[in-house]
Amino acid sequence: MNTRKIWISSLFLAMTVISGLMAATVFAAPDARALLKESENRHRTRTQQYAGHLTVVNKEGKVRKKGWKSYRQGYAGDAKNLVRFTEPPEVKGVGFLSISRPAGQNADQWLYLPSMKRERRIAAQDRDASFVGTDFNYEDMEEFDHEKYKVAMQGEQTVDGQPCYVITAIPLESGGRSIYEKKILYLRKDILYLLREDLFRKGDKQPSKIFTLSDLQNVEGHWVAKRWEMSDLKKGSKTTVILKEITFDKPQPVGRFTLQNLNREGGD
Amino acid sequence: MNFLLRTLSLSYVRRHLMKTMLTLLGVVVGVATFSAIRSAQGTLVKGIRSTVDRVAGKAHLQITMAGGVPEEVQEKVRALPGIRAISPVIEQIVVPERGELGSLMVIGIDLLGDREMREYGFEGEDADLDDPLLFLAQPDSAIFTRDFAQRAGLKTGDTLPVRVPTGVRRVAARGLLSPKGFAEAFGGNLMVVDVYAAQELFGRGRRFDRIDVRLAEGTTVAQGTATLAKALGPAYRVETPDRRGKQMEQTVNNFVAGFNITSGFALSIGTFLIFNAFNVAVNRRRRDIGTLRALGATPRQVQSLFLMEALVIGLIGGAVGCLAGGAIAEGFLKMMGQTTDTIYGVTSSGGSVRFPPGIILESVLLGIVASLIGAWNPALAASRISPTEAFAKGAFQAKIAANQAPRIAAGVVALDCAILMALFPPYAGNPLILSIMALGGVGMVLLVGPLSRLILRLLAPLLMGLSPVAGRLCSDALLGAPRRTSGTVMAMAFSLTFVFGLGGYMGSMTATMVKWMDDVLTSDLYVRASANWSRPDFLFPGTLRQELLKVPGVRAVESVRTIRPFYQGHQIVISSFEVGPVMKRIKYEYFSGNEQSIVQGVGRQGMCFVSENFCGRFNLGVGQSVELMTPTGPVRFPIAAVVRDYGSDQGAIYMDRNTYLRHWQDDRVDIFDVSVAAGADVGQVRNLMRAKLAGKMPALISTRQEFIAEIKKAIDAFHALTRVTVFLALVVAFLGIVTSLLISVAERTREIGVLKALGAIPSQIVRSVVVEALVISLVAVIVAIPAGNLFAAFMEGAVARFYTGWSMPHEYPWEIMAQLLVTLPFVSTLAACIPARQAARLKITEAIEYE
């Protein structure tokens, strides 16, 4: 009997210790998925539009500038994006439409060329191609949707003096075709806003590109980074986008995010 | 042996330098023709293969379809398992306004995703091309190779005017490619444009020429092919770039095969020259041979001596022939390239002719073999000369010619067998053609000698009657040296047979086609967008017909669309037009069916009619159906009629335009046949049409006569190289006459001396040599007329049937005959010039002492 009592007491003790440890872990490091969900909920807006000023500086220091107007409806997994270039004159009118699709499928993307008066579809194989000569590629132009990634909390780190959660996101096999093997996300702790992404191409141990978001401002009650910077560490080039004339939740015309509108001369 | 070569052979060569040189020249011309054709063919094929391979890049498979691959197929293919990347391609050859830069291969590709398929090396400033948008946003954008840009003096941003179907367009160099991999295709004369801009530029509509496919890792080519074939259906061809390259290579090789036969002819005529020269050399050196034999030389050593001489001549002739071949090969390459481009739509990068070691070795060996074959019999005869026989004066001349009956009988049997095999073929294909040619050749070799002697005997009284002195001298000289005479006549007769045969074949083909065109091409005007007959540079939209009908003076317009799909391994032609109105103005020769069956069956019931060669090649006729792979699946078309038609050498199928539109869903048009209203001026209507289409679409508008003349020009271009090789064969024959006459004069030196001593004046001697040349030509012509006729009939019959399935009525080449009868006397007199002068200058004392 004594032996049995001792055995039961030991088991109870072990269970208590394990439960305690598990609880401590949960409270010490919040769930990555939950944080990303919370971030999406906090920053989701019905629509967003802005004027972007884009500067590409290559390794040799050569600078190329472009300007665009961007319209977005929805957010993350249900986002629709239309970008219309405004300058320089040789690319004016060129349009780009991206429509997110449910998990398991890549976004539909089209590019419209006024000279050809027709759109061309961006195929999955082309997602690695440079988006209009910037350091972004077509995959980067999709809204980040955590549902398409397996996420895990990696720790915490300070970015630009701001404490951040560090989350690893690995594209799910079922999440569509990705050119990346892994992304490391830096989520500002206080407002759960994404400040940086380290992007790892397949087979790379070091990130090949780093995407940073800075100059955070609260516009119409929504946090927004007014400066984006994509650095290609392999090519040694850098693309900066400065966001101006930002407006949120402005109703978008019906049919703005359609192929007909994309193909319309001067259609925004 | 070295000693003998240096003393006996070299001293003979020194004494008969001119003859040796002419014999050598015979080998040189033969080998030069062969090596030029082989190297031009090699360069052409290598250029095609290299372009196909380099342009294919990392593509494992290529998808094509007759008439072009519709755009929507891209998405269908992308979605298939095992596909890593796909890339649409349009290929086109254009010419810069500065013609000296050479043709440019335009490759339309989708730069957005093409890097999965091909490697591009952009450097420095061209890093801008990492931004495809700048390139794509400007429709005049092009990328050139650095090598081409250097030659054209182009920098990034400069423009280059090029001729495209819509006229002259200035294209801007937006970037330069480093000279590696893909950029080396088409010899570096490459212009890369956006595939969708290329669609617009070359009237492809919403179609591509092909789709390149790169398979995912772990997917085999067989698996990929099976997946694609299953998903796309039988109307599409899925093949590896290598196989596509091989098919193009096969097309070129088939086209060039004929020229190899021609160069073989030139070389065999050269062999006769060698035979002749060595025969004479053996006779002239009988005493030397006798001395050698008396000093202990074995027959084998004597034979080896002559064969060694032949070897040296073959070696030198082969080497010099190679060099000469190099000089003419560029011209051959140009002619071959133009023909394969115009007729077959297969273009090579051209470039300079390359002489790989293999061809050099082959050519030299061929020279040696031809030389040894030519010298074999004389060398054998030399080895059989006994010392006593050699020293006995006049013994050789007194030798009675061997009985000719078995030789004549064997010759007749061989020739008869060849004729019978041509008329009643026991088997088919290349073996039949080769057997007939071999038997015919053997028959001719055996019969020409006796026949030429018979003709000479018959001609002798006539010659003596016409010119008692020169005629007798000439007859005596020719009949007194039967071997030399028959050798020269044989070389000449072979050349002329070749000329009559091929000339007759070419003439018959042209005449047949002209007659067919007269019956079929009956519209007043032909509006087409492309100068190339088999690879359209541009296709009209079907809607243009209505526009053309509105032009004042136009009565009717019919739309002709032609595609070239593969049917049971053969690239046939499927042509469609509005059958009802077309049948009212053209007349066919029917093998089965009639006009009514075409109007009813083809025009109204969706049937088809086929060409005679299609019917013969595939054993399909009226009452049967032909199953064709259409984009909507396999469809069986009942055959309503079989007609005489020369639209394709592999077979042609004709159907109504509505039937074609229904099954192929392709409304584009290659040619509009336009008939003008009664009383309307054709020239004026043409001007109105030109004005209507100017600046909108390319339009080559030809009148009926011009259109027929253009097709004839293409046929002539096809025959251009054959004419050159025939000419070279005649050159060798001409050399034969000169050599033969030089030998004749040398052999008759003593005789000429005696004649001079007896009072013969130089002009009589000259006349006798000239008459000898004329008689050789005449005898050769008399032999060649029936032989050439047989050869032409063989070419028009068995050969044409095998390669094309066409039957052509035989037309004797009277035109060539007339040309030869006018030219040959001049040429023969020219050939006699040097020997005659040599004979006239002989000094009596030296000549009488001559042995």
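Values reported hereafter were calculated over all heavy atoms of this structure, with side chains retained and with hydrogens, waters and symmetry mates removed. Chain naming here is simple, since letters A, B, ... match the order of the sequence lines and numbering starts at 1 in each. What you see is a predicted model; the values in this text were computed from it and never measured.
- Atoms CZ and CD, on A:R121 and B:E71 in that order, are 13.0 Å from each other to the nearest 0.5 Å.
- Counting non-hydrogen atoms of other residues, nucleotides and ligands closer than 6.0 Å to CZ of A:R201 gives a total above 12.
- Heavy-atom pairs under 4.5 Å with chain A peak, among B:R206, B:E75, B:Q138, at B:R206.
- In this structure, CZ in A:R118 is found 8.5 Å from CD in B:E200, a value given to the nearest 0.5 Å.
- Other residues, nucleotides and ligands contribute only 12 or fewer heavy atoms inside 6.0 Å of the NZ atom of A:K250.
- The environment of B:D158 atom CG is dense: over 12 non-hydrogen atoms of other residues, nucleotides or ligands sit within 6.0 angstrom.
- Annotation for A:K183: atom NZ counts as buried by contact number, over 12 foreign heavy atoms lying within 6.0 Å.
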